[in-house]
Amino acid sequence: QLQLVESGGGLVQPGGSLRLACAASGNTLNDYAIGWFRQAPGKEREGVSCITSGGSTRYADSVKGRFTISRDNAKNTVYLQMNSLKPEDTAVYYCAASRWAFSLNARTYDYWGQGAQITVSS
């Protein structure tokens, strides 16, 4: 059973940077597409970015040019580098894995981490 654990969350000032990591155990990430999602209080979960096992990527328009997704299959870890952070990026960020989908639709993902809080505030 694939298990995912996010790390790297925290408090950052507007314009700052953070890097989230999604570490997998129980199985290799090599066969999975990985997505990053976020959910702010009172809002629906939204897709932020995703990456295939081969390294193809997608981004939500709201984060294009600011966020970068990458993966290190040798470390069984996927990263989300977040730059130029804005208060509206404040949310709980989740990573998720899918064998079949390469999308920003949360319903296409089968395995989820527990989430990491990102707060962007001065």
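Computation of the quantities below employed the complete heavy-atom set of this structure, encompassing side-chain atoms and omitting hydrogens, waters and symmetry-equivalent molecules.
- At distances below 3.5 Å, at least one donor-acceptor pair connects side-chain atoms of R58 with backbone N or O atoms of F102.
- Under the disulfide (SG to SG under 2.5 Å) criterion, no residue pair touches residues 28-92, with sequence neighbours excluded.
- In plain terms, the two heavy atoms of P14 and S122 that are nearest each other are CD-N, 3.7 Å.
- Residue Y109 comes nearest to A33 through the heavy atom pair CE2-O, 3.9 Å, listed as atom of the first residue, atom of the second, then distance.
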Checklist entry - Going through the distances and angles, do S103 and T108 end up as a side chain to side chain donor-acceptor pair (under 3.5 Å)? => result CA-CA 7 Å; S103 80; T108 61; 2.9 Å; yes
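- Applying the salt bridge (charged side-chain N to carboxylate O under 4.0 Å, His left out) criterion to R45, with sequence neighbours excluded, gives no partner residue.
- Atom CD in Q13 sits 11.5 Å away from atom CG in L85 (nearest 0.5 Å).
- Not counting sequence neighbours, the partners of I118 by the side chain to side chain contact (heavy atoms under 4.5 Å, CB included) test are L18, L20, M82, Y93, V120.
- By the side chain to side chain contact (heavy atoms under 4.5 Å, CB included) test, S7 pairs with A21, sequence neighbours left out.
- Note: the hydrophobic cluster containing V63 also contains I51 (ILVMFWY, side chain heavy atoms under 4.5 Å, direct or indirect links).
- Not a single donor-acceptor pair under 3.5 Å links the side chain of Q3 to the backbone N or O of S25.
- Checking side-chain atoms of Y32 against main-chain N and O of N27 turns up no donor-acceptor pair under 3.5 Å.
- Ring geometry for W112 against F37 counts as tilted: the plane angle lies between 30° and 60°, on a 0 to 90° scale.
- Side-chain contact annotation: T28 with N30, donor-acceptor N/O pair under 3.5 Å present.
- For E88, the CD atom counts as densely surrounded, since its 6.0 Å shell holds more than 12 non-hydrogen atoms of other residues, nucleotides or ligands.
- Considering CG of L4 and OH of Y111, their distance stands at 9.5 Å, rounded to 0.5 Å.
- Here the closest heavy-atom approach between residue L2 and residue A24 is recorded as CD1-CB, 3.9 Å.
- D72 contributes a side-chain N or O that, together with a main-chain N or O of K75, makes up a donor-acceptor pair within less than 3.5 Å.
- Between the R66 side chain and the S84 main chain, a donor and an acceptor come within less than 3.5 Å of each other.
- Annotation: the span from T57 atom OG1 to F67 atom CZ amounts to 14.0 Å, rounded to 0.5 Å.
- Remark: D61 engages K64 in a salt bridge, criterion side-chain N to carboxylate O under 4.0 Å.
- For the atom pair W36 CH2 and L104 CG, the distance stands at 14.0 Å (nearest 0.5 Å).
- The nearest pair of heavy atoms linking A40 to A91 is N-CB, 3.8 Å.
- Note that CD1 of I34 is 7.0 Å distant from SG of C95, once rounded to the nearest 0.5 Å.
- Contacts of S121 classified as side chain to side chain contact (heavy atoms under 4.5 Å, CB included), with partners at least two apart in sequence or in another chain: L11, T119.
- When atom types are taken as modelled, the side chain of R71 and the backbone of L29 share a donor-acceptor pair closer than 3.5 angstrom.
- A donor-acceptor pair shorter than 3.5 Å cannot be found between the side chains of Y79 and R19.
- Between the side chain of E6 and the main chain of Q114, a donor-acceptor pair closer than 3.5 Å is present.
- Closest of all the heavy-atom pairs between I69 and S49 is CG2-OG, 3.2 Å.
- Atom OG of S53 and atom CG of N73 lie 7.5 Å apart (nearest 0.5 Å).
- Y94 meets the ring pair (Phe, Tyr, Trp, His ring centres under 6.0 Å) test with no other residue; sequence neighbours excluded.
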